[in-house]
2 protein chains.
Amino acid sequence: MTTRRPTIRDVARRAGVSVTTVSHTFTGNGTVAPTTQQRVRAAAHDLGYRPDVIAQGLRRNRLGVIALVARQLDALRPDLLVDVDYFARFAGAAAVASLAEGLGLMLVSDPTGPRAAGAALASDGFIVTEPVTDDPLVAMLTSAGIPFVTVGEVPGVPIGPDSPPHVDIESGRLTTLALDHLWDAGARRIALVTGTDRNEWNLRSAAVYQRWARYRRITPAMVHVPEQLDDEGGRRAATTLLSSGPAPDGVYALTSNHALGVVAVLTEHGLRVPDDVLVVAGSDAESLRAARPTISSIDLQPDELARRAVEALAARLDDRPLPDHGDQRVGRLVVRQSSAPGAPQP
Amino acid sequence: MTTRRPTIRDVARRAGVSVTTVSHTFTGNGTVAPTTQQRVRAAAHDLGYRPDVIAQGLRRNRLGVIALVARQLDALRPDLLVDVDYFARFAGAAAVASLAEGLGLMLVSDPTGPRAAGAALASDGFIVTEPVTDDPLVAMLTSAGIPFVTVGEVPGVPIGPDSPPHVDIESGRLTTLALDHLWDAGARRIALVTGTDRNEWNLRSAAVYQRWARYRRITPAMVHVPEQLDDEGGRRAATTLLSSGPAPDGVYALTSNHALGVVAVLTEHGLRVPDDVLVVAGSDAESLRAARPTISSIDLQPDELARRAVEALAARLDDRPLPDHGDQRVGRLVVRQSSAPGAPQP
DNA sequence: GTGAAAGCGCTAACAA
DNA sequence: TTGTTAGCGCTTTCAC
């Protein structure tokens, strides 16, 4: 009993009006007498009519869907999803923000990849998280003239009037914030653990760290481990640090799971956190709150980043000016036990 | 310089063929001579032609997009996203699985809600996580004849040949698994902490618990707290339990954050976990691994659930028979320190 | 093996 | 205020 779903024409016929009138009453365009509207709505209701979003999309050349390109999905190993908290908070907030803009949110992996779903291209615009150096997706979107917004700058592209619009993740300020915090808490041999993806977060943090180390006159110690290794990556990084020089008394690890691994290895080597070594993670997660000691972090506030990204993209789609966040800073330091040596331990 | 994007007609003209031929070479329908195909593809490449997914969607009456209705999004407070790990793993895996089926995955909140984005209805089908008693969305989808799959049964709907197709979350087996585990580890005053959403997980667990308690001849102690309260909910639950009878020596808390709150309060009251009280969480999360003691859990394996849901929905969309998972069980017990009294503590 | 033509359901000139 | 009509870009009979 699969009866064809009613079209605008069925409604028009039943209401005794033209399709234009039906269209107008639903889109709000043109002018339709209130009484006519009533009749149309009644007819639509009787028939169970819902405008066909796809047909509208074809006609308006706009579907009302934006795509979120999450690089984490490209691993195609969901059980290895890196930084679940960041991903979940970002995706969740993006979905909610899209909703508020009347847009749907599609979750896609890199559409330039081999397994791209054709439907990905149906989106009106793209949000690209963590663009990397020479990002092929950014190149594709640019050349195809498809609107997009990146979260974080595209590394290697000088900021200019026509560099891709992006949401500022403030990696420079936040790196300094974390390092200064470690310094102020007394650390003097501060090491940095980054991931290996060539995105702004990793690259800028490393650069700022180098500069900061020179300024503070400390010897930089830096280790890069793949994000996907999770705790194990942190363990390796810590092992490397311990075996290749004087033990650090402060570690800034950009990924939350790396930080967990670092703390584990430090502890196993008899170093107490925070008494002997201070640790800060560069990304917040529930697991950092649950760990003992609890681990300090930079909370990137993915919710806010996502909101801004969606708003910026929606504005672009409507040719509205981009919202200006002025000096509304995003990202903050969350001090927990791992970097507060004086504080009472439970 | 916004030059109109090339259409199938442009390609046809440039290749000196009809639009039919172009369509055929791209869809694989009909038969096109290899040499002609070459010419068509060359022309398409030169022009930078990509088939318009929306136009295809209109024509085929199928967009290639499915929607994931995550109830967690309905709170519209992404910072309060409950069970981030479950959400992230499910959404991530669903996106990946969709990709493998050539489908896009749209993240939407309940489209029957007031703020529904019209685009949500563009989807070919729906995955509804955690349907609740008298679910309005299920009702809407059913009456509209839109294909959907639920994750977990719709409570209150007797299983029958035409009850909505669902992915089995095995709440009955898993509840028994957790309770038996606590029992085997020596607990005799085992309490249950559930959420308040009226979904299968909460309802079935409670029912099975009651039955199990009768069978084991123990006095049931059950507390229900809203999922959204997170740790605080767990704290309240534990406080209630401690103040309303003999202290439990085993707690099964369905939500990971509730479990964390429970452990915190128990500890504050001088009860040692696992020595005095065993604790198991009904949902796995990174934070449970990071906590001290580490907390045992039922890992629902959202990745697998998501994969099955997507496959089932895709099969339905193609009128293929539903995949049968036989006795391939999903969901498992992860034993950690909180329920292993003998094990060495770090 | 290839092409002409009729729509899919809707919107937006334009006409009345 | 309402109606007629020409498409949006594509797929798909059905001829040739």
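Side-chain atoms are counted along with the backbone in the values below, which use heavy atoms only and exclude waters and symmetry mates. Numbered from 1 within each chain, the chains take letters A, B, ... in sequence-line order. Keep in mind the model is a prediction, meaning the values are calculated, not measured.
- Side-chain proximity of A:Asp52 to the nucleotides C:dC10, C:dT2, D:dC10 is greatest for C:dC10.
- Remark: C1' of C:dT11 and CZ of A:Arg62 are 15 Å apart, rounded to the nearest angstrom.
- Between the P atom of D:dT11 and the CD atom of B:Gln56 lies a distance of 4 Å, rounded to the nearest Å.
- At a threshold of 4.0 angstrom between heavy atoms, the contacts of A:Thr21 are confined to the sugar-phosphate backbone, with no base atom among them.
- Using a 4.0 Å heavy-atom cutoff across all strands shown, B:Phe26 reaches no nucleic acid atom at all.
- Two rings, from A:Phe87 and B:Phe87, have their centers 6.0 Å or more apart.
- Using a 4.0 Å cut-off, no side-chain N or O of B:Ser18 falls inside it from OP1 or OP2 of C:dT2.
- Across C:dT2, C:dC10, D:dC8, the shortest atom-to-atom separation from the side chain of A:Tyr49 is found for C:dC10.
- Spacing between atom CG of B:Leu58 and atom P of C:dA6 amounts to 18 Å, rounded to whole angstrom units.
- The CD1-C1' distance, from B:Ile54 to D:dT11, rounds to 16 Å in whole Å.
- Salt bridge absent: B:Glu311 and B:Arg308 never bring a charged side-chain N and a carboxylate O closer than 4.0 Å.
- Between A:Asp46 and A:Arg14, at least one side-chain N (NZ, or NE/NH1/NH2) sits under 4.0 Å from a carboxylate O, which counts as a salt bridge.
- Rounding to whole angstrom units, CD1 of residue B:Ile8 and C1' of C:dG3 are separated by 13 Å.
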For nucleotides 12-16 of chain D, list the nitrogen or oxygen atoms of the protein found under 3.5 Å from its nitrogen or oxygen atoms, one pair per line.
residue : atom : partner : partner atom : Å
D:dT12  : OP2  : B:Asn29 : ND2          : 2.8
D:dT12  : O4   : B:Thr20 : OG1          : 3.3

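- Checking A:Val22 against B:Thr36, the closest nucleotide of DNA chain C that is more toward the 5' end is the one next to B:Thr36.
- When side chains are defined from C-beta on, B:Ile66 counts as touching B:Leu105, because their heavy atoms get closer than 4.5 Å.
- Relative to the side chain of B:Val17, the nucleotides C:dG3, C:dG9, D:dC10 differ in distance, and C:dG3 lies closest.
- Across all strands shown, A:Asn61 has no heavy atoms under 4.0 Å from either base or sugar-phosphate atoms.
- A:Ile169 has its side chain within reach of A:Leu305: a pair of non-hydrogen atoms, C-beta onward, lies under 4.5 Å apart.
- Using a 4.0 Å heavy-atom criterion, one finds that A:Thr7 contacts the sugar-phosphate atoms exclusively.
- In this structure, of D:dG9, C:dC10, D:dG3, it is C:dC10 that holds the atom nearest to the side chain of A:Arg9.
- Protein atom CG of B:Leu63 is 14 Å distant from nucleotide atom P of C:dG9, rounded to whole Å.
- For A:Pro51, counting side-chain heavy atoms from C-beta on, the closest listed nucleotide (D:dT2, C:dC10, D:dG9) is C:dC10.
- Using a 4.5 Å heavy-atom cutoff, the side chains of A:Pro131 and A:Leu137 are not in contact.
- Looking at heavy atoms from C-beta onward, B:Val128 lies in side-chain contact with B:Arg71 at the 4.5 angstrom threshold.
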